[in-house]
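In what follows, a structure is listed as structure tokens, so that the remarks can point back to it.
Since this is a predicted model, take the numbers as computed values, not measurements. We're numbering straight along the sequence, starting at 1.
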Amino acid sequence: MSSNAIISKTFDFSLLSGMQRGQGNSAAAGGNFLAVLQERLADFKSQAMDSLLNGGSTTGAMNALLTNAPLMANGRNPALFDPESAYAMMTTINRKEIVYKAEFAEMTAMGDYVAAMQQEAGKLGTIDHGSSADEIRSRLQAFTEAYNGWIDRFDEVLANGGLLAGTHAATVSQWELEKSIENIFNGAGSGVRGMGALGLAIDPVTNMASLDTARLERVLASNPNGAVNAIREFSGNFARSAELLNSENNFIPNRMNNLSRVIDYIDTNKASLQMEFGLGDSARPSGEVARALAAYQAMRGISV
């Protein structure tokens, strides 16, 4: 078997990206892609050597040769059966390392924003039957602005082609908070069909929230108790949804833990991997990946 065949059959980097949106099992919060990376590397090395040796029994000696053979000036390992394919694999690892670090920074920022949204929703819970219409309107407008700040920050990176596109933990977070706003059962027991009845709505195209203050004031005038009950129920439910997204062993922390493990693994083993498989092309991040990578480096106190 050629190294090209080995790569196509066993080194599937799509498996390292975590579960995609809509795939529902226990790995959906991030996927154990460190284990996949280690398995693919082991498979590549084992099958490449088997192909070279035609089933011989000198794997240990060949392993030493692959590790200790000097690289060519072009960064390839001449001891490999197919150094070009191995070099291409290392190029992919170099690129993935940068993407994982950028994603870690974005998921860290997302966790911070979700926590801020949880606090903002909690403030709505202080509204009671003694609150004035002006106070209620002001707090709902503040919540709307905070939600739109979240959308403005992450909508682009969650869109197709964005850094977090298809990242289950991120897309679930966006979906969960949006659906919490659109839930028609908040206040249902008091004659109000959710926050939409109070004028708080999500635009299906822009994903931005808006508050129809005229509609809010009509409900406050006709059913003030129902309006307050709906806001208080919404406050608790939204805050709980946000808290769960950030809770231990749940979506955002799980994704970040998996990213941290694979980043640490690559950082620790990169030099030895390059000695075995070749240097690979250096990653050249740009756009949002470069921006997020800079945030990661600042987070880690790495000077560039």
Side-chain angles (χ1 to χ4, degrees), residues 106-159 164 169-248 250-253 295:
E106 288 294 87
M107 292 303 299
T108 300
M110 178 170 284
D112 292 343
Y113 267 80
V114 169
M117 290 298 302
Q118 178 186 344
Q119 293 178 352
E120 202 63 43
K123 294 176 184 177
L124 296 176
T126 64
I127 291 173
D128 58 28
H129 299 291
S131 300
S132 68
D134 286 344
E135 183 182 357
I136 292 172
R137 181 177 61 253
S138 175
R139 293 192 183 180
L140 282 174
Q141 285 175 329
F143 175 84
T144 302
E145 290 169 5
Y147 183 85
N148 287 341
W150 142 269
I151 293 299
D152 187 57
R153 171 63 177 81
F154 292 103
D155 212 37
E156 185 175 335
V157 296
L158 285 165
L164 297 181
T171 54
V172 163
S173 297
Q174 183 189 45
W175 182 87
E176 184 67 28
L177 297 185
E178 179 181 318
K179 294 305 174 188
S180 185
I181 290 177
E182 295 177 335
N183 182 1
I184 64 172
F185 296 106
N186 291 313
S190 304
V192 176
R193 288 177 59 83
M195 297 303 292
L198 299 179
L200 181 60
I202 303 292
D203 186 290
V205 177
T206 66
N207 296 322
M208 301 291 276
S210 62
L211 180 65
D212 184 339
T213 56
R215 188 170 189 176
L216 171 65
E217 288 169 4
R218 284 197 298 271
V219 180
L220 286 174
S222 63
N223 185 4
N225 288 340
V228 168
N229 290 342
I231 293 169
R232 290 175 64 86
E233 286 179 28
F234 167 71
S235 168
N237 291 333
F238 188 99
R240 276 191 293 274
S241 293
E243 181 181 18
L244 282 173
L245 292 170
N246 260 338
S247 63
E248 188 176 357
N250 217 316
F251 289 100
I252 293 175

So, for F154 and A109, which heavy atoms are closest and what is the spacing to 0.1 Å?
CZ-C, 3.6 Å
Kindly give the heavy-atom pair with the smallest separation between L216 and L198, and that separation in Å.
CB-O, 3.2 Å
Output, in order, the C-alpha distance, side-chain angles, deciding distance and verdict of side-chain contact (heavy atoms from CB on, under 4.5 Å) for L244 and S247.
CA-CA 5 Å; L244 282 173; S247 63; 4.2 Å; yes
Roughly how far, to the nearest 0.5 Å, is CD of E182 from CE of M195?
12.5 Å
Report the residue from I151, L177, I181 that forms a side chain to side chain contact (heavy atoms under 4.5 Å, CB included) with I202.
I181
Would you name the heavy atoms of S190 and N223 that are closest together and state the gap between them?
O-ND2, 2.9 Å
How about N229 and R232: does a side-chain donor come under 3.5 Å of a side-chain acceptor?
no
Just checking E156: does its CD atom have more than 12 heavy atoms from other residues, nucleotides or ligands closer to it than 6.0 angstrom?
no
Stepwise salt bridge (charged side-chain N to carboxylate O under 4.0 Å, His left out) check, R153 with E106:
CA-CA 10 Å; R153 171 63 177 81; E106 288 294 87; 2.7 Å; yes
Could you pull out all residues at least two apart from D112 that satisfy side-chain contact (heavy atoms from CB on, under 4.5 Å)?
T108
Smallest heavy-atom separation, G187 atom then E233 atom, equals N-OE1, 2.9 Å
More than 12 heavy atoms of other residues, nucleotides or ligands under 6.0 Å from CZ of R193: is that the case?
no
To the nearest 0.5 Å, tell me how far L245 CG sits from I252 CD1.
5.5 Å
Could you pull out all residues at least two apart from E135 that satisfy salt bridge (charged side-chain N to carboxylate O under 4.0 Å, His left out)?
R139
Rounded to the nearest 0.5 Å, the OG atom of S235 sits from the CD atom of E120 at a distance of 10.0 Å
Taking D203 for the side chain and M208 for the main chain, is one N or O donor matched with an acceptor at less than 3.5 Å?
no
Say you draw a straight line from OG of S180 to OH of Y147; how long is it, rounded to the nearest 0.5 Å?
9.0 Å
Flag for N186-N237: side-chain donor and acceptor within less than 3.5 Å
yes
Can you confirm whether L164 sits close enough to Q174 that some side-chain heavy atom of one is under 4.5 Å from a side-chain heavy atom of the other?
no
Quick one: pull up CD1 in I231 and CG in L200 and give me the separation to the nearest 0.5 Å.
9.5 Å
For P224 and A221, the nearest pair of non-hydrogen atoms, with its separation, is CD-O, 4.1 Å
Would you say that T206 contacts D155 through its side chain, given a criterion of any heavy-atom pair below 4.5 Å between the two side chains?
no
Which atom pair, heavy atoms only, marks the closest approach of M107 to A170?
SD-CB, 4.0 Å
Listed once per pair and sorted, the ring-ring contact (aromatic ring centres under 6.0 Å, His included) pairs that draw on residues 178-234, sequence neighbours left out
F143-F234, F234-F238
When rounded to the nearest 0.5 angstrom, what distance separates OG1 in T213 from CG in D134?
11.0 Å
